[in-house]
Protein chains: 2
Amino acid sequence: MSNDIELDQCLRAVSNPVRREILSLLKHPNENFVPNDHLPNEEGICVASIILRMKLAQSTISKHLAILHGAKLLASKSVGQWTYFKRNEQAIRQFALLLKQEL
Amino acid sequence: MSNDIELDQCLRAVSNPVRREILSLLKHPNENFVPNDHLPNEEGICVASIILRMKLAQSTISKHLAILHGAKLLASKSVGQWTYFKRNEQAIRQFALLLKQEL
DNA sequence: TCGCCATATCGCGATCTAACGATTTATAGG
DNA sequence: CCTATAAATCGTTAGATCGCGATATGGCGA
């Protein structure tokens, strides 16, 4: 099913420290990001805000987000010209469980 | 502490499918490997037996084992000219827990 | 000591990854 | 329309990873 988690894809996503940092920051959006006019933080954080917290180029962060999204660990929502990302808690839990089984 | 698990090292070790396969095979040594004159299977499986079950060159498997060992997910014991590897269950549990926290 | 066997290590090419700046795409607002 | 802004995509470069065969190391038995 396309709703399912790919263990391999998740592991490759999560084996990079920058991507783990992004996942970690998004765990507490209100503490880690300034509030936003367009959306409440809980609904997602826009790419620009994430870039502000990291020391890497826009294109680099965009790529990292795409990989996390591809692994379904992040969900995205487009509002106008912004893209908001938030953690997909269900997928993350599913991944942790799957890994525990495989290990 | 040198007894501790490095999350990053574990994740890189485990993000490779060959290494996951090795960990998986070692989960049930008696089912996956023929018994050995030198050591009971539970005590560890020698490199040659592992190579027999995988389709990769000796040097390649040796490297994979070294990486798993470096991450402390495998323990090794030398007996004469053989090296026996077995899962380090405690480290594996610690790793799974650590990842769950970080995620 | 010599040669054999198990494993580790070396050196190499092929492929993958991460980073960057530049460019493209899409939306918003004047 | 035209311009500005947000984000994605492209092209390149440097470094990591994976696989292999060849070679080194180290223990065993004759």
Polar atom pairs between nucleotides 18-26 of chain D and protein, under 3.5 Å, N or O only, would you list them?
unit_1, atom_1, unit_2, atom_2, d
dC18(D), OP1, N16(B), ND2, 2.7
dC18(D), OP1, R19(B), NH2, 3.3
dC18(D), OP2, R19(B), NH1, 3.3
dG19(D), OP2, H64(B), NE2, 2.5
dC20(D), OP2, A57(B), N, 2.7
dC20(D), OP2, T60(B), OG1, 2.8
dG21(D), N7, S59(B), OG, 3.4
dG21(D), O6, S59(B), OG, 2.9

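The stretch residues 6-17 of chain B participates, sequence neighbours left out, in these side chain to side chain donor-acceptor pair (under 3.5 Å) pairs: R20(A)-D8(B), D8(B)-R12(B).
Atom-to-atom distance recorded for L73(A):CG and I92(A):CD1 is 5.5 Å, nearest 0.5 angstrom. H69(B) NE2 to F85(B) CZ: the interatomic distance, rounded to the nearest 0.5 Å, is 6.0 Å.
dT7(C) atom P lies 15 Å from atom NZ of K77(B), rounded to whole Å. Straight-line distance from the CG atom of L68(A) to the P atom of dA18(C): 11 Å, rounded to whole Å. Computed from coordinates, the Y84(B) OH to dT7(C) P distance equals 8 Å when rounded to whole Å. Residue L74(B) contributes atom CG, which lies 11 Å from atom P of dA8(C) at whole-angstrom precision. If you measure from atom CG of L65(A) to atom C1' of dT9(D), you get 14 Å, rounded to the nearest angstrom. A straight line from CD1 of I61(A) to P of dG21(C) spans 13 Å, rounded to a whole angstrom. To the nearest angstrom, C1' of dA16(D) lies 15 Å from CD of Q9(B). Between the CD1 atom of I51(A) and the P atom of dT5(D) there is a distance of 15 Å, rounded to whole Å.
Between the side chain of N32(B) and the backbone N or O of L25(B), at least one donor-acceptor pair lies under 3.5 Å. Under the 3.5 Å distance criterion, the side-chain polar atoms of K72(B) are left unmatched by any main-chain donor or acceptor of N88(B).
Legend: residues meeting side-chain contact (heavy atoms from CB on, under 4.5 Å) with L52(A), ordered by chain and number and at least two apart, are absent. Looking at residues two or more places apart in sequence or on another chain, you find a side-chain contact (heavy atoms from CB on, under 4.5 Å) between K27(B) and R87(B). Take Q81(B) and apply the side-chain contact (heavy atoms from CB on, under 4.5 Å) test, not counting sequence neighbours, and it matches no residue.
E102(A) has its side chain within reach of L7(A): a pair of non-hydrogen atoms, C-beta onward, lies under 4.5 Å apart.
Taking five base pairs at each end of the helix from dC4(C)-dG27(D) to dG30(C)-dC1(D), the local helix axes there meet at an angle of 20°, rounded to 10°.
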